[in-house]
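Here the structure comes first, spelled out in structure tokens, and everything after it is commentary.
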Amino acid sequence: MTLQFRAQLTARNLDVSLHVDDAERIAILGPNGAGKSTVLAMIAGLLRPDAGRAELDGDILFELGSSAGNVWTTPHTRGVALMAQEPLLFPHMSALENVAFGPRSAGARADNARSTARHWLEEVDATALAGRKPAQLSGGQAQRVAIARALAAQPRLLLLDEPMAALDVGAAPMLRQVLHRVLADRAAIIVTHNVLDALVLAQRVIVVDHGHVVESGPTRDVLRSPRTPFTARIAGLNMITGEASGTGVEHQSGLFIEGLGATGITPGTTAIAVFSPSAVSVFRQPPHGSPRNVLPVTITELEPRDEQVRIRADDLTADVTAPVVAELDLTPGTRVFFSIKASAVTIYSI
Amino acid sequence: MRRTAQYSGLPLWLFAPAAAAALFIMLPIVAMATRVEWSQFVSLVTSESSLQALELSVRTSTASTVVCLVLGVPLALTLARSAFPGQGLVRSLVLLPLVLPPVVGGIALLYTFGRQGLLGRSMDVLGIQVAFSTTAVVIAQAFVAMPFLVVSLEGSLRTAGRRYEAVAATLGAKPTTVLRRVTVPLVLPGLVSGAVLSFARSLGEFGATLTFAGSLEGVTRTLPLEIYVQREANPDAAVALSFVLVGVAVVVVGLARRSKEHL
């Protein structure tokens with residue numbers, strides 16, 4: 001599955017082009033009103049651009065404003081499923097019937113469609129919810145059923161529009177794990193304003209601002225060294241990849257990072273520990289006593305940012321105030337210890 | 001009296017005109033009830049001409065409700081879900097029968113389907129004559145009742161929004177499948193209450209029917225026409241039959257409200 005997409009929408013001052021490779025998951029990041037959802041609507045066939053061209057697996061989705069004559073295919077023929085912020089489960093159908101809707105629409109017999117639906121409900125750990133009406137589901141449960149419904153339709157491309165945005169904080173991590181699992185080896189575009197979603201769910205990110213792509217590349221590269229102010233504001237997270245083990249991640253150097261969310265991950269698989277630069281404290285001597293992660297590093301760069309100073313030590317960063325820099329006499333080349341509370345570190349399987 | 005926990009914020013003096021309004025609606029019904037000869041009620045409403053009129057009314061109103069559904073549902077869907085030039089004008093014109101005096105509607109129908117009418121002349125050539133037939137009764141009723149269905153359904157469609165339909169389409173459902181499995185079930189309450197209101201309006205139709213279909217016993221004389229005829233000849237029968245229609249109206253209003261609340 002590959003997608004080539006380019007579209008212009010004059011009324012929104014939008015001109016975006018992007019591509020999705022086989023089994024690739026990309027994330028579209030950007031501020032509110034940047035045109036992220038508009039792009040999804042155009043790929044799904046719900047909104048008609050003024051000009052542009054999109055091709056999915058060699059099938060033309062649309063070709064508008066060209067000399068060759070206009071082509072526009074209807075949403076139901078595209079094989080592109082859209083999952084919105086709200087689950088939008090059909091309220092008059094049970095969860096099972098909702099999931100069976102796609103197979104049924106594709107012409108499957110009722111009993112076959114239902115067994116397909118049961119399979120997908122199982123994939124999202126929602127078998128127990130099969131008989132419930134959408135009104136009897138919590139936000140997280142409904143969103144899991146909505147994922148099963150989208151997958152059961154066997155889309156060639158799955159579009160997710162801020163799937164975690166309407167959930168409460170407690171439900172988001174579980175849904176993120178479910179998505180991480182079911183999206184593997186699948187082509188998908190995820191619109192989000194959450195860096196963690198991009199990090200966990202997508203291999204590549206596109207940053208959209210004012211209707212234009214301003215930055216793109218592999219997720220970690222973009223988030224590690226953002227080139228636009230928007231990305232810089234939301235990114236700059238510390239990420240340490242290693243092997244899941246017990247309550248944390250073990251880096252190949254033997255360093256162990258403890259954090260939240262590690263217990264559900266199979267030991268030995270690849271996992272990533274994520275923490276914000278502002279959660280890092282900097283010491284000249286190794287701190288003792290508190291249950292913290294301590295990383296010995298050498299400062300490579302000091303960078304003033306607003307009222308703080310960002311300390312870079314190779315791939316890791318810490319934000320501290322200017323007096324701290326003066327007090328500890330920090331300069332490039334200084335050996336220091338980065339210390340992070342385990343509760344400020346989140347661990348995800350990759 | 002049920003007290004609610006929430007502060008209503010209504011000035012007390014408002015209850016006086018509100019009570020007057022309620023009385024204004026209820027008093028005539030009560031007044032009529034006092035004039036019903038209850039001892040003869042059953043024999044009055046089961047006389048041959050009464051039963052004939054009642055049967056005709058139910059038959060034609062059912063047929064006109066079916067016509068309203070078959071033609072009105074597509075119209076409401078088109079008005080609510082698509083955009084075409086002149087849509088605003090069509091929407092206003094469809095509402096015309098709501099405000100038009102029914103007798104004017106009857107005359108308009110006469111000049112459309114009557115022998116010398118716009119379509120009537122060609123229909124006459126084909127040997128089809130509808131004026132002053134039971135078919136004319138159904139046409140007159142559908143003409144005045146259709147707006148009730150269209151307005152009720154269009155409102156429900158707008159409230160339901162298009163988002164579920166969009167999701168259904170991206171799941172691979174053809175437009176007809178979306179209509180059958182998503183749109184119609186979502187607006188079913190509005191559809192049912194619209195159909196019930198259309199049926200009630202058909203049942204009460206008088207002016208357009210009298211003008212376009214006449215008052216032939218057993219053919220076009222529906223219950224309201226029978227009441228009008230009996231008013232002179234047998235006032236007791238007219239009052240008794242009126243009360244039957246009041247009963248039907250109460251049931252219809254109840255059904256329409258229930259469908260809004262429960263479905």
Side-chain angles (χ1 to χ4, degrees), chain A residues 37 40-48 61 73-94 97-108 110 113 116-117 120 133-134 142 145-161, chain B residues 69 73-74 76-85 87-88 149 152-196 255-263:
Chain A
S37 301
L40 291 197
M42 291 191 295
I43 298 173
L46 303 175
L47 185 71
R48 200 184 173 113
L61 300 182
T73 58
T74 48
H76 72 272
T77 57
R78 291 192 175 191
V80 176
L82 174 68
M83 221 189 96
Q85 217 174 81
E86 295 136 83
L88 292 177
L89 297 177
F90 306 128
H92 54 288
M93 297 182 197
S94 69
E97 287 172 84
N98 262 285
V99 181
F101 184 87
R104 285 281 277 157
S105 299
T116 308
W120 285 109
K133 284 283 176 73
V145 174
I147 293 168
R149 180 175 67 171
L151 294 171
Q154 292 189 299
R156 293 188 284 182
L157 174 66
L158 185 62
L159 309 176
L160 301 132
D161 192 355
Chain B
L69 284 170
V73 171
L77 284 163
T78 317
L79 286 175
R81 287 287 188 267
S82 70
F84 55 87
Q87 192 175 19
L149 183 93
S152 168
L153 185 56
E154 203 197 334
S156 295
L157 283 165
R158 288 186 181 282
T159 313
R162 304 181 186 203
R163 299 185 309 162
Y164 290 106
E165 290 155 20
V167 169
T170 72
L171 292 170
K174 295 184 194 73
T176 308
T177 310
V178 176
L179 181 66
R180 185 171 55 83
R181 295 204 58 205
V182 178
T183 313
V184 170
L186 279 178
V187 298
L188 202 57
L191 186 60
V192 169
S193 78
V196 168
L255 279 180
R257 280 192 54 167
R258 268 185 59 144
S259 75
K260 278 240 150 101
E261 283 163 14
H262 289 282
L263 280 168

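Remember, it's a predicted structure, so these values are computed and weren't measured experimentally. Letters go in sequence order (proteins before strands), and every chain restarts at 1.
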Pairs satisfying side chain to side chain donor-acceptor pair (under 3.5 Å), at least one member in residues 160-176 of chain B, at least two apart:
A:E86-B:R163, B:R81-B:E165, B:E165-B:T183
Residue by residue, scan residues 149-158 of chain A and write down, ordered by number, those that have a heavy-atom distance under 4.5 Å to chain B; if none do, write 'none'.
A:R149, A:A150, A:A153
Close contacts, residues 73-81 of chain A versus chain B, judged by heavy atoms under 4.5 Å
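Those residues of residues 73-81 of chain A which have a heavy atom under 4.5 Å from chain B are A:P75, A:H76, A:V80, A:A81.
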Using side chain to side chain donor-acceptor pair (under 3.5 Å) as the criterion, list what pairs up with A:S94, not counting sequence neighbours.
A:E97
When rounded to the nearest 0.5 angstrom, what is the spacing between CZ in B:R181 and CZ in A:R104?
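So the CZ of B:R181 and the CZ of A:R104 are separated by 5.5 Å.
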Contact part of [X] toward chain B, heavy-atom cut-off under 4.5 Å: side chain, backbone, both or neither?
X: A:L46; answer: side chain
X: A:M83; answer: neither
X: A:L159; answer: neither

Can you check whether A:F101 reaches B:V182 side chain to side chain, under 4.5 Å on heavy atoms?
yes
A:S105 and B:A173: which non-hydrogen atoms are nearest, and at how many Å?
OG-CB, 3.4 Å
Option that, when pairs with chain B are counted at under 4.5 Å, heavy atom only, ranks first among A:P91, A:P103, A:A44:
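Of the candidates given, the most pairs with chain B belong to A:P91.
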